[in-house]
Visitor: 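Structure provided below as structure tokens; questions to follow.
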Amino acid sequence: MRRIAALLVTATLAASPAIAQTAAMTTTDSATDPYIWLEDKDGAKALAWVEAENAKTLPRLENDPRYATFYQEALAIASAKDRIPMPDQRYGRIYNFWRDVDHPHGVWRWTSEADYASTDPTWTTTLDLDALGKAEGKQWVFKGATCLRPEERLCLVALSEGGEDAVTYREFDLASGQFVEGGFVLPKSKQNATWVDKDTLLVARDWGQGTTTDSGYAFVMKTVKRGQSLDKATEVYRGEPGDQGGTAAGVLTDAKGERLVVIQRRKTFFGADKLIWTPNGVTKLDLPDRTYPVALIDGQVIFSTSDPWGDIPTGAIASAPLADVAKGVIEPTLIFAPNARQAVEGVSDTRDRLIVTITDNVRGRAMVFDHGASGWASRSIALPDNASIGVASTDDRSDHAFLTVTGFLTPTSLLTIDAADTAAPKTIKTLPSKFDAADLIVEQFEATSTDGTRVPYFIVHKKGIALDGTTPTIMTAYGGFQVSRTPSYSAITGKLWLERGGSYVLANIRGGGEFGPAWHDAGRKTKRQVIYDDFASVAQDLFRRGLTSPKKLGIYGGSNGGLLMGVEFNQHPDLWQAVTIQVPLLDMIRYEQIAAGASWVDEYGSVKNPEERAFLEKISPYRNLKKGVAYPEPYIWTTTKDDRVGPQHARKFAARMSEYGLPYLFYEDTAGGHSGDADIAQAARMQALQMTYFAQKLLGPATK
């Protein structure tokens, strides 16, 4: 797929005028916040506190006889040999990144396109992360590869220490299977790099003092030439220190060899200036902030939008001729516009066609669009209903594509299609069932939120359960950043929870993208309370239907979902028996000063705005804990290596609970980054710890 990646990576916050402001705020907050010292992420005092907390929590969970069983079951699923090796089409080969018990950190490997379709492909290892880490004394985590097209088999491999967002780039030769001696090396930084040609990169990274934003993202773009030291790189574009995101570049190409190099300057998290780069300089495109070029087909630049754009509605896909875009003159043509209960989920380009995946009332659909002399023509792809549809990989050499189909009780399948052909997709691989679903059903209901909005949710449960509120149930949601949560096959949840008689609920609350940009915008900044009301309304609908009850309901969520859990913990302590708060934001007054927090002002608002600060004070879980309230005992977990949200929020929340004499469990792993899965053993361990907590709270004591 030839697409401009979302901006995620850059560097550590360097000394700048913003530092003085942060220091002043720290001094002010110190008078009322006794736990700022826990924000020293790697400080000796803070880590000693973490060690002491872990020593209290781990025995409670690991000594439960169910923990060992949960861990072994989760590890067996995560490391099973019969998983689908998801394809990544490059240079006429199928690449795949694979982890199992023999390769806990993983191998990057390839097979031929013909062999991949067989039941037992023969794989050739390209890069062994375990061997590399052992040789270099590092816990390397593979963060992907950016490869040069078309015939030069050169890639920039991104390597993270312990799962951090900050990466090291190293040039790798796919033909020889070796790192290129004397090749490009970009030392550790939160950074973005893309190929211009064999000897030139466009790079945004921490170049030194004054080159990163207040949130730690790089805003200075430079060209780096082969054999050139970084201090000799030539600046081509500069954003501003106050940008919420940073600056990144990407290259769009089509089958005719046409190309477009686009630089994004993320002024806000969701909005950006888009600029065309050529060796002669940059030209800014006249586009709405949340409209982005995402593909190039048949000389047509494809755009996705979350803002109205002339006659193009919000959430639609449109196109414009490359020749016009290059001149900065854009008159868009509509390709597809979703209705009020639909949303565009993905846009993928093959050699000559566009594959668009959408959700329709949170159910997956897919279409193929073909551009010709008379404009765009479309057709639907015949796929199973009541499932989530995704594009696993496409290839610019053909119209061949891989699709995924998955559902709560339907093991994931991998299908192939020829986007140029009307033939039905062909299933080539299916994940074997990992739990017994014979006695389970999926239902979709709607709750009515406090403002009358209909909020859909799914529930998976055993057939014929008594509607008396006695079914142990775990419920999750995300509710932010226009991220959709759709049905998917979770083997570990099925094996560890559903097989043991529990129910599972997925709530499609506002703040997500299930119904497009409007569903997200409804809960941004000071409108955010509707997100929390939606979640509580789903719980109350479960109770009304007798599907569960407060004493049998546990909830969990991570990152922004961890904030959701913290707010629900505070606002509705009577609705939950168990709350797992994962890698969370919790101190919403200081979140802009912690890790990459300043980049999310577009989602949450800023304490620098009086109205937004007042709202953040009202919802901040850390600031709203109270003594004497009958809160459920939460399980709070995070990782030391998390350089995105940071472990500071979770630490401070637990410390405040301890101060107030409130019961809690806290665990901080030393590796894993924001996702908590540096290797398969850690991922299985985190799942087992969490499920043990839910078992203790919702199923009762372990039986001998």
Side-chain angles (χ1 to χ4, degrees), residues 1-6 250 252-255 258 260 262 264 270-272 274 285-325 329-381 383 388-391 394 396 399 401 403 417 419-420 482-484 486 512-521:
M1 285 177 279
R2 310 173 306 284
R3 211 175 296 162
I4 296 178
L252 301 177
T253 60
D254 69 5
E258 301 283 0
L260 186 70
V262 180
Q264 295 181 14
F270 302 107
K274 278 73 63 174
L285 295 176
D286 184 15
L287 293 171
D289 282 352
R290 296 191 296 172
T291 294
Y292 292 92
V294 294
L296 181 60
I297 295 177
D298 191 32
Q300 297 290 311
V301 181
I302 313 302
F303 296 88
S304 67
T305 182
S306 294
D307 289 320
W309 182 24
D311 295 331
I312 307 300
T314 299
I317 306 168
S319 68
L322 173 62
D324 292 348
V325 174
V329 180
I330 307 176
E331 296 184 5
T333 297
L334 180 67
I335 299 176
F336 174 77
N339 65 35
R341 299 298 280 183
Q342 294 177 330
V344 174
E345 283 291 293
V347 180
S348 303
D349 51 318
T350 66
R351 182 184 61 198
D352 301 311
R353 286 163 178 80
L354 199 66
I355 301 176
V356 176
T357 55
I358 69 168
T359 56
D360 191 331
N361 202 29
V362 205
R363 289 170 162 83
R365 305 283 187 268
M367 297 173 288
V368 172
F369 290 86
D370 185 11
H371 184 261
S374 58
W376 291 95
S378 68
R379 63 177 174 85
S380 296
I381 303 175
L383 293 165
S388 294
I389 310 299
V391 177
T394 61
D396 60 358
D399 286 314
L403 306 182
I417 67 165
Q482 204 173 322
V483 173
S484 300
T486 58
E514 288 86 347
F515 300 116
W519 197 246
H520 170 226
D521 290 342

Visitor: Tell me the closest heavy-atom pair linking Leu334 and Ala316, and the distance in Å.
Guide: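 That closest heavy-atom pairing would be CD1-CB, 3.8 Å.
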Visitor: Answer yes or no: is there a side-chain heavy-atom contact under 4.5 Å between Leu354 and Val347?
Guide: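 Side-chain contact under 4.5 Å: yes.
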Visitor: So, Ser484 side chain and Gly513 main chain: donor-acceptor pair closer than 3.5 Å or not?
Guide: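 Indeed, once roles are kept as given, a pair shorter than 3.5 Å links the two residues.
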Visitor: Would Met367 and Ile358 satisfy side-chain contact (heavy atoms from CB on, under 4.5 Å), going step by step from the backbone distance to the final call?
Guide: CA-CA 8 Å; Met367 297 173 288; Ile358 69 168; 4.1 Å; yes
Visitor: With rounding to the nearest 0.5 angstrom, report the CG to CZ distance, Asp360 to Phe515.
Guide: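 Here the interatomic distance stands at 9.0 Å.
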Visitor: Test of understanding: with side chain to side chain donor-acceptor pair (under 3.5 Å), list the residues that count as partners of Arg365, not counting sequence neighbours.
Guide: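 Checked Arg365 against side chain to side chain donor-acceptor pair (under 3.5 Å); matches are Asp385.
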Visitor: Give me the atom names and distance for the closest heavy-atom approach of Ile389 to Ala366.
Guide: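 Residues Ile389 and Ala366, closest heavy atoms: CG2-CB, 4.1 Å.
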Visitor: Using atom types as modelled and distance alone, determine if a side-chain donor or acceptor of Asp254 lies under 3.5 Å from a backbone N or O of Gly299.
Guide: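 Yes; at least one donor-acceptor contact below 3.5 Å.
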Visitor: Do Ile302 and His371 come close enough that some side-chain heavy atom pair is under 4.5 Å?
Guide: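 Side chain of Ile302 against side chain of His371, heavy atoms only: no contact under 4.5 Å found.
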Visitor: Please report the interatomic distance CZ(Phe270) to CG(Asp307), rounded to the nearest 0.5 Å.
Guide: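 Reported value, rounded in 0.5 Å steps: 11.5 Å.
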Visitor: So, Asp399 side chain and Asp352 main chain: donor-acceptor pair closer than 3.5 Å or not?
Guide: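 Checking the backbone N and O of Asp352 against the side chain of Asp399, a donor-acceptor pair under 3.5 Å is found.
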Visitor: Taking atom CG of Asn361 as the centre, does the number of heavy atoms from other residues, nucleotides or ligands within less than 6.0 Å exceed 12?
Guide: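 Yes, CG of Asn361 has more than 12 neighbouring heavy atoms, counting only those of other groups under 6.0 Å.
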Visitor: Locate the shortest heavy-atom distance separating Pro517 from Thr305; write the atom from each residue and the value.
Guide: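 It is CG-O, 4.4 Å.
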Visitor: If only atom types and distance count, is the side chain of Thr357 paired as donor or acceptor with the main-chain N or O of Gly346 below 3.5 Å?
Guide: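 Pair found, side chain donor or acceptor close to backbone of Gly346.
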Visitor: Could you note down all residue pairs passing ring-ring contact (aromatic ring centres under 6.0 Å, His included) where residues 288-310 supplies at least one of them, sequence neighbours left out?
Guide: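 Found Phe303-Trp309.
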Visitor: May I ask you to test the Pro293-Leu252 pair for a side-chain heavy-atom distance under 4.5 Å?
Guide: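 Answer yes - side chains close enough.
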Visitor: Atom CD1 in Ile330, atom OG1 in Thr291: separation rounded to 0.5 Å?
Guide: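 Answer for the CD1-OG1 pair, Ile330 versus Thr291, is 9.5 Å.
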Visitor: Does the Asp349 side chain pair with the main chain of Ile297, one donor and one acceptor, at a distance under 3.5 Å?
Guide: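 Side chain of Asp349 to backbone of Ile297: no pair is present.
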Visitor: Evaluate the side-chain contact (heavy atoms from CB on, under 4.5 Å) criterion for residues Ile381 and Val368: first the C-alpha distance (whole Å), next the side-chain angles of each, then the deciding distance (0.1 Å), finally the verdict.
Guide: CA-CA 7 Å; Ile381 303 175; Val368 172; 3.7 Å; yes
Visitor: Mind checking whether Pro332 and Asp311 have side chains closer than 4.5 Å, heavy atoms only?
Guide: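 No; the side chains remain at least 4.5 Å from each other.
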Visitor: Evaluate the side-chain proximity of Ile417 to Leu403: yes if any heavy-atom separation is below 4.5 Å, no if none is.
Guide: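 SC-SC contact between Leu403 and Ile417 confirmed.
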Visitor: Looking only at heavy atoms, which two atoms of Gln264 and Lys274 are closest? And how far apart?
Guide: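 Closest approach of Gln264 to Lys274: CG-CG, 4.4 Å.
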Visitor: If you measure from CD1 on Ile355 to CZ on Phe369, what distance do you get to the nearest 0.5 Å?
Guide: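 Interatomic distance, Ile355 CD1 to Phe369 CZ, rounded to 0.5 Å: 11.0 Å.
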Visitor: So, for Thr359 and Glu514, which heavy atoms are closest and what is the spacing to 0.1 Å?
Guide: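 Reported closest heavy-atom pair: OG1-O, 3.3 Å.
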Visitor: Can you see whether Trp376 engages Ser319 through a side-chain donor-acceptor pair at a distance of less than 3.5 angstrom?
Guide: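 Trp376 vs Ser319: donor-acceptor pair found between side chains.
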Visitor: I need the minimum non-hydrogen distance between Pro288 and Pro308, along with the two atoms involved.
Guide: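 For Pro288 versus Pro308, the nearest heavy atoms are CG-O, 3.8 Å.
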